[in-house]
Amino acid sequence: MARSPPSAGCPRCSLKPAPETLGCAPARRSLSNRPCARTRLRLAGGISMPVVWSRDLPSPPTSVRVYQDSLGHWYASFVVRREAAATPEASKSIGVDWGVKTTATTTDARFDLPHLGHRKRCAAELARAQRKMARRRRPQGHAQSNGYRRAKRAAAKLHKKAARQNIHDSRQWAKRVVDHHQVIAVEDFKPTFLTRSTMARKAADAAIGTAKRELIQQGTRAGRKVVLVPPAYTTMTCSSCAARAKQRIGLNVRIFECAACGFTACRDLNAARTILATVERDRAGADDVRHVTTSLRDAGSNAVRAGNPLDSSVGKR
């Protein structure tokens, strides 16, 4: 007995949380001149689903990934070829130091990324939604009520809203930095350890990982020189004379004072200058490159890694 072809409609949700990747059939879509024309997407294996196209594809797609976000919305992500956008000419250099109070402190104050606090602004509304979830939650083994699902969806919408705002602001900031600088020295800061500290909530609101990823991806895509500098000793090293402090500087100390030359500056600004000086002193040359990141796990870029900043006081009597 012949089986009937699969019915058209939204794809069914898989029990596996990881999204499924589907191969794209030859281009069989017809688009009208309207930007959001309702058509059908035909995939390999006879799968057909109605879609709303947000924009026209610049070239025939080679593959497509259909996935579902935390709100239950379905999206189709295509792999296409497009013309590379022209990058403005730039000759300047900039150093970037990450932080919690100020998300990104640069050597040029015009390109600093302040702590925007998108999650904090919706904290009260999120707390109300989470309290509703706690009140309406049923014991394990019982189906959850519609009220619980509505409260859960409201909390997920607030999380998604803050995440999208952070991504948008990070992309706008990264584009400004990339358009005006040829050499970008970035602190290779990994904020995962902050999740186990008292600054976990504020660090999550700062979205350091999002800003760093967008800056590295846009910089390498535009052909800029992006160098990842390890954060070790950048706060303790003087950006003027390269002398290193004898003791660790606590987080409550916001002003850096060099005991060797008397240089004084904001600790984050001094760290950003030290990061840039590490790159400009040829510490990121071919003999000192430690690793070339090529995977999405390491920010998904071709940025090179430089060594630790030099200590001018080593070897002196």
Side-chain angles (χ1 to χ4, degrees), residues 9-24 36 38 41 43 47 49-55 61 63-79 100 103 115-174 190-196 199-217 295-300:
C10 296
R12 297 180 179 179
C13 182
S14 175
L15 296 178
K16 188 176 180 180
E20 184 180 3
T21 302
L22 302 175
C24 181
C36 292
R38 291 185 176 275
L41 174 65
L43 303 177
I47 302 176
M49 65 186 72
V51 294
V52 177
W53 298 91
S54 61
R55 64 181 69 92
S63 64
V64 61
R65 175 172 168 259
V66 180
Y67 62 95
Q68 186 182 28
D69 65 358
S70 58
L71 299 180
H73 299 157
W74 289 92
Y75 295 92
S77 177
F78 294 91
V79 177
V100 176
T103 303
H115 181 87
L116 301 175
H118 293 303
R119 296 180 186 272
K120 185 178 181 180
R121 280 194 289 272
C122 61
E125 192 175 355
L126 178 61
R128 286 195 296 268
Q130 291 175 341
R131 285 195 294 267
K132 286 183 181 179
M133 289 175 57
R135 290 195 303 266
R136 299 173 182 179
R137 184 179 182 86
R138 293 179 178 175
Q140 187 176 3
H142 297 270
Q144 299 297 335
S145 63
N146 292 332
Y148 174 83
R149 295 191 182 96
R150 286 194 298 268
K152 183 178 180 180
R153 181 177 177 82
K157 289 179 67 175
L158 294 173
H159 282 295
K160 180 65 70 174
K161 177 183 177 181
R164 286 172 174 170
Q165 288 174 333
N166 285 326
I167 292 175
H168 173 76
D169 293 335
S170 298
R171 287 177 177 173
Q172 297 296 323
W173 169 77
K190 296 178 175 58
T192 53
F193 76 95
L194 292 175
T195 59
R196 301 185 297 272
M199 299 185 294
R201 181 175 297 179
K202 192 170 184 178
D205 200 0
I208 299 175
T210 301
K212 176 185 173 185
R213 181 178 64 251
E214 293 294 337
L215 179 61
I216 295 176
Q217 288 181 353
S295 64
L296 290 175
R297 182 182 59 185
D298 292 332

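These numbers come from a predicted model, not from an experiment. Side chains included, hydrogens not; waters and symmetry mates left out as well; all remaining heavy atoms used.
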Rounded distance [0.5 Å steps], CG in Leu126 versus NE2 in His159 = 4.5 Å
ask   = What heavy-atom pair brings Ala162 and Cys122 nearest, and what distance separates the two atoms?
value = CB-SG, 4.5 Å
query = Is it true that atom CZ of Arg121 has more than 12 heavy atoms of other residues, nucleotides or ligands lying nearer than 6.0 Å?
reply = yes
ask   = Hey, what do you get for CZ (Arg135) to CD (Gln130), rounding to the nearest 0.5 Å?
value = 12.0 Å
message = Quick check for you: to the nearest 0.5 Å, what is the distance between Arg213 atom CZ and Arg171 atom CZ?
response = 8.5 Å
key: Between CD on residue Glu214 and OG1 on residue Thr210, distance to nearest 0.5 Å   = 7.5 Å
ask   = Heavy-atom distance under 4.5 Å between the side chains of Tyr148 and Arg138, does that happen here?
value = no
Least distance between heavy atoms, Arg136 atom then Ser145 atom = O-OG, 4.0 Å
message = How close do Arg153 and His73 get, counting heavy atoms only, and between which atoms?
response = NH2-NE2, 3.4 Å
Minimum heavy-atom distance Arg119-Ala204, with the two atoms named = NE-O, 3.4 Å
request  = For Val64 and Ala76, work out which heavy atoms get closest and say how close.
outcome  = CG2-CB, 3.9 Å
remark   = Taken to the nearest 0.5 Å, the spacing of His168 NE2 from Asn166 CG works out to 11.0 Å
query = Quick one: does Phe78's side chain get under 4.5 Å of Ser63's, heavy atoms only?
reply = no
request  = Indicate yes or no: at least one non-hydrogen side-chain atom of Arg164 is less than 4.5 angstrom from one of His118.
outcome  = no
inquiry  = side-chain contact (heavy atoms from CB on, under 4.5 Å), that's the test. Do Asp69 and Lys160 meet it? Break it down for me.
reply    = CA-CA 9 Å; Asp69 65 358; Lys160 180 65 70 174; 4.1 Å; yes
query = Do Ile47 and Met49 touch side chain to side chain, with heavy atoms closer than 4.5 Å?
reply = yes
query = So, do Trp74 and Val66 sit near enough that their side-chain heavy atoms are less than 4.5 Å apart?
reply = yes
ask   = Where is the tightest heavy-atom contact between Thr103 and His115, given as atom of each residue plus distance?
value = OG1-CA, 3.6 Å
